[in-house]
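Proteins get letters first, then strands, A, B, ... in listed order; numbering begins at 1 in each. No experiment lies behind these values; they were computed from the predicted model shown.
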Protein chains: 2
Amino acid sequence: MSRVYNFSAGPAVLPEEVLKKASEELFEYRDSGMSVMEMSHRSSHFQDIIDRAEEDLRFLMGIPDNYHVLFLQGGASLQFSMIPMNFMTINRTCDIIHTGTWTDKAMKELEKLGSFRKVASSEDTVFSYIPEISGIDFNDDADYIHICHNNTIYGTKYVEIPSNIKVPLVADMSSSILSEKIKVTDYDIIFAGAQKNIGPAGVTIVILKNSLVDRIPDGIPTMLDYRTHIENGSLFNTPSTYSIYMAGLVFQWLRDLGGVEAMEKLNRDKAELLYSCIDNSALFKGHAVKKYRSIMNVTFSTGSADLDKKFVSEATQNGLSSLNGHKSVGGMRASIYNAMPIEGVRKLVKFMNEFESHNK
Amino acid sequence: MSRVYNFSAGPAVLPEEVLKKASEELFEYRDSGMSVMEMSHRSSHFQDIIDRAEEDLRFLMGIPDNYHVLFLQGGASLQFSMIPMNFMTINRTCDIIHTGTWTDKAMKELEKLGSFRKVASSEDTVFSYIPEISGIDFNDDADYIHICHNNTIYGTKYVEIPSNIKVPLVADMSSSILSEKIKVTDYDIIFAGAQKNIGPAGVTIVILKNSLVDRIPDGIPTMLDYRTHIENGSLFNTPSTYSIYMAGLVFQWLRDLGGVEAMEKLNRDKAELLYSCIDNSALFKGHAVKKYRSIMNVTFSTGSADLDKKFVSEATQNGLSSLNGHKSVGGMRASIYNAMPIEGVRKLVKFMNEFESHNK
């Protein structure tokens, strides 16, 4: 069969150009005489790959020199523990805005390592919105504020972020990194699993303001201490080398395409197409409140679990894959990350219109 | 240029058949319509991949049902902390046999999380041997005994392992797993980073006797608690999916080749070729004591740092790559893992003989 349009929430679609280049280079990378997978992480070839990946990411996101860029393992899930171990070390408490499954998981880890205050939450409406920032009373004694920038499961995103706060801001950007222009200096830590907008699973990006490093206490297990990875350029031990190589190819693809600004425009066009279809439909209903709609994860349903199931099944038969919603919200979810071509969204919209006309 | 013979200690050479298959399937995996890299870890295709990988590894190593098999992230380096966090929980002390860099790294982590007793060591001769097991006085109150089964850097390996001990045995098999027949039930925990005999970096294999699970205390960060990964079949969060797929291809290649027994015979033949060359040479001298010679990592030198450098450089020009020894021991190291064809070793031996005749 031929390639489908893959709306998976992650691991997710990768650019075809990147996959083609990877196929060509897999057996033998340039003049190295070996695959990237076989290369020592101490080799000059691999050093070039990781240096170039960092340089491109810095360029794409406008990351200033006073931020470290790390390529780690363990996913965002391990960051939920590493961040408090390293940085929730002054008053051993932090503030968190609860907007879904991923902040819930973060809270479970915070509880083990100190305490947290849930300063706002959208759990009253199954996380269909982001709490208004202006109404939140942040605690000045919090070691930091934790937010999840885009909620993969419920399809919401921040439209403004906490400002005029006195403590560092930590953002989980797993499903929104590189999808829209952000100002890195608004944050003190940004982290993201790669498997949505960056590359294959196995590498986790951490962007970390260097002034925070002083907070790290001694005695943390070596692999969980950010200083280990900072001091060794993410090469203390063998990292997930091939995932870093793939991330590098994606960064180059994004640069060639015009960078994050160009990508954001395309992403907004794609999201607009899909949300218009939902808004003009008598059958489909969006889950997220309009103002906070994600441009990466579009959640919707027919209101009938049976009809939703039929939709997902028929869509799959039509080459539109992985449209089932997360079990905690049900319905459908179309993840339209950077690598999803607009043609895929057009095909989905066409299918939704047809499905609606057949299921009035 | 064409493919070289890659003697890197890890990441290391992979079977050409595996790389070819991976190249062919990279863009589109079977009837899935997508790359394995793009596949949800919750998809049936990926579930088949990880199930098959586990089944093949169980078959190859003869892993009984009362052992868990986990596919984790973070390398052996993270295991150095996870193992004591989870299992050094009774008397908070363990015994360790110090045989090189990797047990040194393990001790650093043990110290942070409890204590250890170095019950034997070969540091007196730059780790050129493995201490005699019969002469070691193990402590009955140790929570476990930690050994490194094969020392990648110094080129030594165990020929007998602690038996008649009253406490669990934990073995780091990063550079020897699947290279020779072992009896899994001699051990309570076996762990190994993939990037030597299994596949690309990014996945860590943990084989864990289920009776140990009772020792795990509550309150450990979720990602560092083995129960998380046991209960979720290594799919609590997104694992390094592509690395697992590649490991699976290597397992299938090894099964097709006749399994670990056939592989061990080939490995012994390869090692014998190389050690014979060293033993018959007036120029090259092996680092490891004969009895404890590794069949995976062959360490040797000319006795002159300049001549060693010349050797590595000329070897590289002759398509024999990554022969430089680790900085802590110097000289040369030829890592001849499972995927190194015997032709590569023959070419190296020929080159060594020629080099010797030109540098008398």
Side-chain angles (χ1 to χ4, degrees), chain A residues 1-4 6 8-14 16 19-20 22-23 26-28 31-35 37-41 43 73-78 80-81 85 105 108-109 112-113 193 195 199-203 219-224 236-243 246 319 321-322, chain B residues 1-4 6 8-14 16 19-20 22-23 26-28 31-35 37-41 43 73-78 80-81 85 105 108-109 112-113 193 195 199-203 219-224 236-243 246 319 321-322:
Chain A
M1 86 180 277
S2 60
R3 279 176 59 85
V4 297
N6 173 13
S8 168
V13 56
L14 288 167
E16 290 202 355
L19 291 173
K20 278 183 185 148
S23 299
L26 190 142
F27 193 66
E28 205 179 316
D31 68 346
S32 69
M34 62 184 78
S35 174
M37 297 185 203
E38 303 177 290
M39 225 171 245
S40 169
H41 56 303
S43 66
Q73 293 189 64
S77 295
L78 186 56
F80 293 158
S81 298
M85 279 171 123
K105 290 196 185 238
K108 285 201 173 74
E109 303 311 306
K112 290 180 180 176
L113 295 157
Q195 64 271 15
V203 62
I220 298 178
T222 304
M223 282 291 288
L224 305 176
F236 167 72
N237 70 332
T238 317
S240 191
T241 50
Y242 196 72
S243 304
M246 286 296 300
S321 167
S322 311
Chain B
M1 84 181 282
S2 60
R3 279 176 60 85
V4 297
N6 173 14
S8 168
V13 58
L14 289 167
E16 289 203 354
L19 290 173
K20 277 181 187 150
S23 298
L26 190 142
F27 193 66
E28 206 180 314
D31 69 345
S32 70
M34 63 184 77
S35 174
M37 298 185 203
E38 303 176 290
M39 224 170 246
S40 169
H41 56 304
S43 66
Q73 293 189 64
S77 295
L78 187 56
F80 294 158
S81 299
M85 278 171 123
K105 291 196 185 238
K108 286 202 173 76
E109 304 311 305
K112 290 180 181 176
L113 295 157
Q195 65 271 14
V203 62
I220 298 178
T222 305
M223 282 291 289
L224 305 177
F236 167 73
N237 70 333
T238 317
S240 191
T241 49
Y242 197 72
S243 303
M246 286 295 302
S321 166
S322 311

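Heavy atoms of B:S240 lying under 4.5 Å from chain A belong to its backbone as well as its side chain. Of the two parts of B:I220, only the backbone, made up of N, CA, C and O, holds a non-hydrogen atom closer than 4.5 Å to a non-hydrogen atom of chain A. Only the side chain of B:K105 comes within contact range of chain A, judged by heavy atoms closer than 4.5 Å. The contact between B:M34 and chain A is made by backbone and side chain atoms together, counting heavy-atom distances below 4.5 Å. With a 4.5 Å cut-off on non-hydrogen atoms, B:F27 touches chain A through its backbone and its side chain both.
Comparing A:S40, A:G10, A:S8 by how many heavy-atom pairs each has under 4.5 Å with chain B, the most go to A:S40. Of the listed residues A:S322, A:G199, A:S43, A:P200, the one with more heavy-atom pairs under 4.5 angstrom with chain B than any other is A:P200. No other option in A:S81, A:A9, A:S77 has as many heavy-atom pairs under 4.5 Å with chain B as A:S77. Interface summary for chain A: among B:G219, B:P221, B:A76, the most heavy-atom pairs under 4.5 angstrom belong to B:P221.
For the atom pair A:Y242 OH and A:M39 CE, the distance stands at 10.5 Å (nearest 0.5 Å). Once rounded to the nearest 0.5 Å, the distance linking OG1 of A:T238 with NE2 of A:H41 reads 3.5 Å.
When every heavy atom of B:Q73 is checked against every heavy atom of B:L78, the shortest pair comes out as O-CD2, 3.8 Å. Heavy atoms only, all atoms of each residue included: B:P11 and B:A201 are closest at CG-CB, 4.3 Å.
Looking only at atom types and distance, the side chain of B:K112 has a donor-acceptor partner in the side chain of A:T222 under 3.5 Å away.
Judged purely by atom type and a 3.5 angstrom limit, A:S35 uses its side chain to pair as donor or acceptor with the backbone of A:L26. In terms of modelled atom types and a separation under 3.5 Å, the side chain of B:N6 and the main chain of A:E38 share a donor-acceptor contact.
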